[in-house]
Amino acid sequence: MVRAAVVAEPYHVEIRDIPKPSVEANDVLIKVEVAGICGSDLHLFKGTHAFRKPPAVLGHEMAGTVVEVGKNVKKFKAGDRVTVEPQVGCGQCRYCGQGLANLCLNKKVPGTPSWVGTFVEYFVAPEETVYAIPESLSFAEGLMAEPLAVAVHAVRRAELKPGDTVAILGSGTIGLLALLVAKAKGIETVYCTDVVDFNLEMAKKLGAKAAIHALREDPVEKIRSWTDDVGVDKVIIAAGPGTIIDQASAITRRRGRITLVAMITKPIPVYTYSFVFNEQTLAGSQTYQSQDFEEAVRLLSTKEVDVSSLITQELSLAETEQGLKMLADKAGNIVKIVVQP
Ligand SMILES: NC(=O)c1ccc[n+]([C@@H]2O[C@H](COP(=O)([O-])OP(=O)(O)OC[C@H]3O[C@@H](n4cnc5c(N)ncnc54)[C@H](O)[C@@H]3O)[C@@H](O)[C@H]2O)c1
Ligand SMILES: [Zn+2]
Ligand SMILES: [Zn+2]
């Protein structure tokens with residue numbers, strides 16, 4: 001048996017013994033050194049997740065050490081330091097055929113009956129989802145490959161080009177990582193917004209040209225004034241208040257592109273005329289393709305992206321419920337909370 005953090009019912013996490021996972025021919029068994037708490041874990045915790053339902057083991061972000069490999073596994077051996085891309089496409093559908101496992105009609109993800117979550121002592125993953133991380137990265141930094149891959153994909157969907165002016169609305173984990181990816185791609189002008197001073201300071205420290213408090217100042221007025229009333233070329237939305245699409249449209253130039261990575265699961269009103277009048281494009285961005293995950297691991301490994309300051313709390317497995325509550329209440333200066341099973 002192995003210890004796992006299980007959402008037994010909404011708002012209640014229990015540390016339970018679950019069967020040690022079996023290792024099939026193509027599998028890698030990994031001792032989990034750290035697992036990360038992400039917004040989607042909060043949805044499972046609250047019982048509002050679309051397809052992860054209690055009782056379920058939390059988590060999809062992790063990094064750890066290989067302890068055993070199946071007989072067909074070639075790339076890894078016991079002792080290797082690794083992280084895992086937490087999705088497996090069916091390999092059969094039209095999207096998998098195009099390398100778009102993120103859009104697969106039948107994908108397998110952790111925290112569901114077909115794949116246990118990562119808040120466990122030992123986690124099994126198919127070899128194709130496992131990526132080596134170098135000694136120079138801590139396990140917590142290695143785990144950041146997952147949210148960083150979300151940001152890499154969002155930046156790709158945003159079609160950022162050298163010389164673009166960019167605004168990122170929301171400076172939480174995803175917004176800050178998108179800022180780091182944009183900077184690594186040589187984008188000089190990135191304006192960030194948030195409603196928490198700690199996150200705004202973080203955005204400034206990580207290279208934002210300006211960080212705007214969206215409640216104390218008007219991001220539309222500020223950004224339009226800094227761009228000669230033209231607006232920015234590209235906007236990435238990484239926060240979910242109900243007015244955010246209209247705000248994004250109002251700060252984007254004509255023919256500009258707005259990429260929506262925030263998951264706004266309730267219907268919100270949108271002033272569509274602004275999109276027509278200004279010929280703007282609104283694009284969605286859903287998790288990542290394997291090439292984005294690979295790029296995220298590369299950016300971390302080369303230190304082109306340094307995520308060390310984003311890891312703000314390290315807790316034990318027993319403190320998982322406390323960590324989820326801290327994140328839910330934004331109690332304290334929080335970006336990424338990690339848990340050590
Ligand atoms: N598309 C995907 O694949 C994917 C993957 C991960 C997360 N997400 C989504 O991306 C969003 C961001 O995720 P996160 O982990 O960074 O969450 P987060 O809670 O860490 O960040 C959201 C930030 O937005 C800020 N905010 C709140 N109101 C704001 C406003 N009016 N203006 C500007 N900022 C405001 C918050 O203070 C917070 O810092 C969430 O909606 C999440 O569900 C999407
Ligand atoms: Zn995540
Ligand atoms: Zn598929």
Side-chain angles (χ1 to χ4, degrees), residues 35-44 48-50 58-62 84-111 117-118 143-154 157 167-179 191-203 211-220 235-244 246-248 251 259-266 283-289 292 296 310 312 327-330 333-338:
I37 300 184
C38 163
S40 62
D41 297 311
L42 269 188
H43 284 292
L44 167 59
T48 55
H49 198 280
L58 280 156
H60 60 270
E61 302 173 358
M62 60 80 68
V84 171
E85 175 185 346
Q87 63 179 5
V88 184
C90 71
Q92 310 288 319
C93 72
R94 57 154 64 188
Y95 301 109
C96 283
Q98 297 168 43
L100 295 167
N102 56 329
L103 303 181
C104 171
L105 300 171
N106 198 14
K107 74 174 168 179
K108 198 168 105 171
V109 297
T118 57
L143 153 164
M144 293 295 280
E146 198 275 343
L148 183 59
V150 171
V152 168
H153 189 64
R157 293 284 291 150
I168 298 175
L169 308 181
S171 305
T173 308
I174 301 297
L176 291 171
L177 289 170
L179 166 65
Y191 304 116
C192 292
T193 71
D194 208 281
V195 294
V196 178
D197 287 320
F198 175 73
N199 294 70
L200 292 168
E201 281 158 28
M202 196 77 119
I212 308 162
H213 195 295
L215 301 179
R216 293 204 288 258
E217 298 171 300
D218 179 5
V220 176
V235 173
I236 295 174
I237 301 178
T243 51
I244 202 85
D246 289 343
Q247 185 181 86
I251 61 176
T259 300
L260 186 51
V261 64
M263 296 196 183
I264 304 170
T265 52
K266 289 190 195 118
S285 183
Q286 160 66 8
T287 57
Y288 32 73
Q289 299 169 244
D292 302 312
L310 271 57
T312 45
L327 186 65
D329 302 339
K330 284 260 173 207
N333 296 337
I334 300 174
V335 180
K336 176 60 72 183
I337 305 175
V338 302

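Note that ligands are numbered from 1 as they come in the structure, with each ligand's atoms numbered from 1 the same way. Because the structure is a prediction, the values reported are computed rather than measured. Hydrogens, waters and symmetry mates play no part in the numbers below; they use all other heavy atoms, side chains included.
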Provide, to 0.1 Å, the distance between [atom] and the closest protein heavy atom, together with that atom's residue and name.
atom                    : value
atom 5 (C) of ligand 1  : Val150 CG1, 3.6 Å
atom 39 (O) of ligand 1 : Asp194 OD2, 2.7 Å
atom 24 (O) of ligand 1 : Ala239 CB, 3.3 Å
atom 31 (N) of ligand 1 : Pro241 CG, 3.2 Å
atom 21 (O) of ligand 1 : Gly172 CA, 3.3 Å
atom 29 (C) of ligand 1 : Val195 CG1, 3.7 Å
atom 10 (O) of ligand 1 : Ala262 CA, 3.5 Å
atom 12 (C) of ligand 1 : Ala238 O, 3.2 Å

Measure across [X] and [Y] and return the closest heavy-atom pair with its distance rounded to 0.1 Å.
X      : Y      : answer
Ile174 : Ala151 : O-CB, 4.2 Å
Leu310 : Met202 : CA-CE, 4.2 Å
Glu85  : Tyr288 : CG-CE1, 3.9 Å
Thr259 : Ser285 : CG2-CB, 3.9 Å

With heavy atoms under 4.0 Å as the rule, classify the contact between [X] and ligand 1 as side chain, backbone, both or neither.
X      : answer
Ala214 : side chain
Lys330 : side chain
Ser285 : backbone
Thr287 : both

[X] versus [Y]: any side-chain heavy-atom pair under 4.5 Å?
X      : Y      : value
Cys104 : Gln92  : no
Cys192 : Leu200 : no
Lys107 : Thr287 : yes
Thr265 : Thr48  : no

Looking only at distances, can you tell me whether any N or O atom of Val261, backbone or side chain, sits closer than 3.5 Å to an N or O atom of ligand 1? yes
Looking only at distances, can you tell me whether any N or O atom of Met263, backbone or side chain, sits closer than 3.5 Å to an N or O atom of ligand 1?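 Yes - when backbone and side-chain N and O of Met263 are compared with those of ligand 1, one distance drops under 3.5 Å.
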Does the distance from a Lys or Arg side-chain N to an Asp or Glu carboxylate O, for Asp197 and Arg216, drop under 4.0 Å?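 Result for this pair is yes, salt bridge flagged.
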Please report the interatomic distance [atom1]([X]) to [atom2]([Y]), rounded to the nearest 0.5 Å.
X      : Y      : atom1 : atom2 : answer
Leu260 : Ile244 : CG    : CD1   : 9.5 Å
Asp194 : Ile212 : CG    : CD1   : 11.5 Å
Thr193 : Leu169 : OG1   : CG    : 4.5 Å
Met263 : Gln286 : CE    : CD    : 4.5 Å
Leu143 : Thr118 : CG    : OG1   : 7.5 Å
Arg157 : Ile236 : CZ    : CD1   : 11.5 Å

Can any side-chain N or O of [X] pair as donor or acceptor with the backbone N or O of [Y] at less than 3.5 Å?
X      : Y      : answer
Thr312 : Val335 : yes
Glu61  : Val338 : no
Asn199 : Ser171 : yes

May I ask you to list the atoms of ligand 1 that are less than 4.0 angstrom from any heavy atom of [X]?
X      : result
Gly170 : 24 (O), 33 (C), 34 (N)
Asn199 : 39 (O)
Thr193 : 33 (C)
Val196 : 37 (O)

May I ask whether Gly39 places a heavy atom under 4.0 Å from ligand 1?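 Distance cut 4.0 Å: Gly39 fails for ligand 1.
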Listed protein N/O/S atoms, distance to the Zn ion (ligand 3) under 2.8 Å: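 Near the Zn ion (ligand 3), below 2.8 Å, one finds Cys90 SG, Cys93 SG, Cys96 SG, Cys104 SG.
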I want to confirm something. Looking only at heavy atoms, which of Ile174, Leu327, Thr259, Leu42 is nearest to atom 15 (O) of ligand 1? Ile174
Keeping to distances under 2.8 Å, can you name the protein N/O/S atoms close to the Zn ion (ligand 2)?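 Atoms qualifying: Cys38 SG, His60 NE2, Glu61 OE2, Glu146 OE1.
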Counting only heavy atoms not in Tyr95, do more than 12 sit closer than 6.0 Å to its OH atom?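 For Tyr95, atom OH is not crowded (no more than 12 foreign heavy atoms under 6.0 Å).
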